[in-house]
Amino acid sequence: MNPVKRFAVLFFFAVVLFCGSVIAAEDAKEAIEDVSKETPKETTEKSEEPEKPFLNANFRDIYLVKDEAFITPRTHSHLFSFTGRWMRRRNIYQASSWPGTSVTALIYGQTCRVKVKAPVKEGIVEGHYFLASVDNGPQLLLTLPAYNASENPIFEFNIEIPEPDEAVSGAAKTSNVHIPHILELTSEPNYPLNLVGITLDNTIIHQGREWLQRQNKIPAIEYISDKLADAPALNTTAVYHVARELRLRQEYIVTHGKCFSPECKRSEAGLAEQYNFLSPFDGNPRPQDAREPMPSKYVFHRDDPLVQGKEPEFVVVDVGDNDLAHDIDGFEFMESLQTFLGNLIVNARPNAEIFVLVRAGRYVTETEDAIVSMRYPHLHAVKYDERRAGGDSVWYKSFYCSYILPLADPSYPYRELCGTAYEQLSVGSHVAGSLGKTVLVLLVLGGIFGTLFSRRRQLVAYLGELRGYASVANTDKEAGQ
């Protein structure tokens, strides 16, 4: 192409682009002026509609701050402390069927609603209940309405929080602080509690792990006993109320009408075997889990571990009532007790102090022999004093305050809770094992030396007579020679 023609074409395109950019700029300016004319001027008068706390019209309500918060052991694990045997299935926390199984939660404010799921049953269920207590107060019975178990219903219960003192509540209002409370939920054995979560006043909790660490310093006790079939319910017994009075974390492996050893009914497992399972079981044949070599519901070798809680530091064994009622031979009972104690020491509770109650008229010799034969320094025999003034409550309080709580964490205020009970040491205990043998030898030697000292004059006279006889014999011997 001719250079002149090429220059003319390029010049033409340049002119077209320049004109187009000028026209576009003018159009944009006019559009901005039109928008500014439509925008209302600012005014000091308030609009009738409240301003929205967001700029985007598509903002979802789930991002708004709610007045209430829903907490669960999964989302707020540092606010829950479990006592007894629990397991988790998805987001449901299931209590075992052992009596007294409970969970303690740290809650804030005056709003508290507990959400529970119906246990796995069949048909129409009535009379399902659990117990609730706030700040170690009286236990209130909460009953679920009749329901169809196949529908898997979920229920929500409102927990009444006691009003705080005026001074405390006034300070909380002025400082916008929620008052903390301790909520305890206790499961009922026939209808184990299935906890979903707790609704409370929304707040930012800066508690961290401090509260849970303090809970772990509370003495944890495992109480094992076979009660007679006509024995009172657990929550009416002295051992239950004393543990609550002393604010202990005590779990209960207790059966009613079942022997400790398997000798009563071969078709049913005794308490010594049932101890190893998540929940007690009855009948023949035994559950599938009890027939397997390593059952999935065997507590101490589980495929699905239990909810992590504090391992008991102390174990109290009070067994033999049903075996005695069924005339079980003493030697057979002793063998069962030896096997059970060995399981506790080696497998189940290797770090615990174990106390075995010895009751008058109930396999006394067999129980003591089983304990001594273990030769274990952390295994102790405690003689129960049935004649003690005040009955079971006074004895159990003296026992806990004299033998268990002094061995607990030093920060636990057991002297304040026990009062003078820890000074009343007439529980009648002897310690089995190497320590007990050492003490026994020292007592025997002390008795021998005490007897020799009290009769020293007779001994000196007797020795003098022996010397006289010896000298006379020597004189006769010399005369004969």
Side-chain angles (χ1 to χ4, degrees), residues 72-74 77 80-104 116-122 125 128-131 149 152 185-196 220-227 234-235 249-260 262 267-313 315-317 319 339-340 343-344 346-352:
T72 71
R74 182 181 180 182
S77 59
F80 292 84
S81 177
F82 292 89
T83 301
R85 300 175 181 179
W86 291 75
M87 66 180 301
R88 174 185 164 191
R89 291 288 178 85
R90 297 184 177 88
N91 294 324
I92 308 297
Y93 289 77
Q94 301 176 350
S96 66
S97 295
W98 293 109
T101 304
S102 63
V103 58
T104 305
V116 298
K117 188 175 184 297
V120 180
K121 295 281 185 179
E122 295 181 357
V125 179
H128 178 193
Y129 69 91
F130 62 97
L131 302 176
N152 295 322
L185 304 175
T186 304
S187 177
E188 199 275 328
N190 294 325
Y191 300 96
L193 181 65
N194 288 348
L195 177 65
V196 179
I221 304 171
E222 186 176 61
Y223 178 80
I224 305 169
S225 181
D226 62 319
K227 300 296 184 183
L234 177 67
N235 59 359
R249 293 286 184 265
Q250 183 159 276
E251 58 180 281
Y252 301 88
I253 308 299
V254 177
T255 58
H256 285 76
K258 299 292 180 183
C259 290
F260 171 74
S267 61
E268 296 181 1
L271 175 60
E273 181 181 352
Q274 297 204 25
Y275 170 84
N276 297 312
F277 291 85
L278 174 67
S279 295
F281 53 85
D282 301 316
N284 186 34
R286 297 177 185 176
Q288 183 66 32
D289 288 331
R291 297 197 297 269
E292 297 175 358
M294 188 62 68
S296 61
K297 289 190 177 181
Y298 191 72
V299 171
F300 303 103
H301 295 283
R302 293 185 61 83
D303 296 333
D304 51 339
L306 301 182
V307 175
Q308 184 64 35
K310 183 181 179 181
E311 183 177 344
E313 307 163 276
V315 178
V316 180
V317 181
V319 296
T339 303
F340 179 73
N343 177 47
L344 288 179
V346 176
N347 187 25
R349 307 297 180 205
N351 301 318

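Keep in mind that this is a model prediction, so the values were computed, not measured. Scope of the values below: all heavy atoms of this structure, side chains included, with no hydrogens, waters or symmetry mates.
- Checked by atom type and distance alone, the side chain of Tyr191 never pairs as donor or acceptor with a backbone atom of Phe130 at under 3.5 Å.
- From Asn194, atom CG reaches atom CH2 of Trp86 across 8.0 Å, with rounding to the nearest 0.5 Å.
- Between Glu311 and Pro350, the closest side-chain pair of non-hydrogen atoms falls below 4.5 Å.
- Among all heavy-atom pairs drawn from Ser187 and Ser96, the shortest one is OG-O, 4.3 Å.
- Nearest approach of Pro99 to Leu234, heavy atoms of both residues: CB-CD2, 3.6 Å.
- Side-chain contact between Tyr223 and Val317 is absent, with no heavy-atom pair separated by less than 4.5 Å.
- With rounding to the nearest 0.5 angstrom, the OG1 atom of Thr104 is 9.5 Å from the CZ atom of Phe82.
- Counting all heavy atoms, side chain and backbone alike, Asn91 lies closest to Arg74 at OD1-NH1, 2.7 Å.
- Residues meeting the side-chain contact (heavy atoms from CB on, under 4.5 Å) test with Ser102, sequence neighbours left out: Thr83, Glu184, Thr186.
- Under the 4.0 Å criterion applied to side-chain N and carboxylate O atoms, Glu222 and Arg85 are assigned as salt-bridge partners.
- The two residues Asp226 and Leu271 make their nearest non-hydrogen contact at N-CD2, 3.7 Å.
- Here the shortest heavy-atom pairing between His128 and Pro192 reads NE2-O, 4.3 Å.
- Aromatic rings from Phe80 and Tyr93 are positioned such that their centres are separated by 6.0 Å or more.
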key: Check against side-chain contact (heavy atoms from CB on, under 4.5 Å), Ile221 and Val315   = CA-CA 6 Å; Ile221 304 171; Val315 178; over 6 Å; no
Pair Val103-Val307, side-chain contact (heavy atoms from CB on, under 4.5 Å): steps then yes or no = CA-CA 11 Å; Val103 58; Val307 175; over 6 Å; no
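- Closest approach of Ile224 to Tyr275, counting heavy atoms only: CD1-CE1, 3.6 Å.
- In this structure, OG on Ser225 lies 11.5 Å from CD1 on Ile253, to the nearest 0.5 angstrom.
- Distance check: Leu195 CG to Lys117 NZ gives 12.5 Å after rounding to the nearest 0.5 Å.
- In this model, no donor atom of one side chain and acceptor atom of the other lie less than 3.5 Å apart for Asn347 and Asn276.
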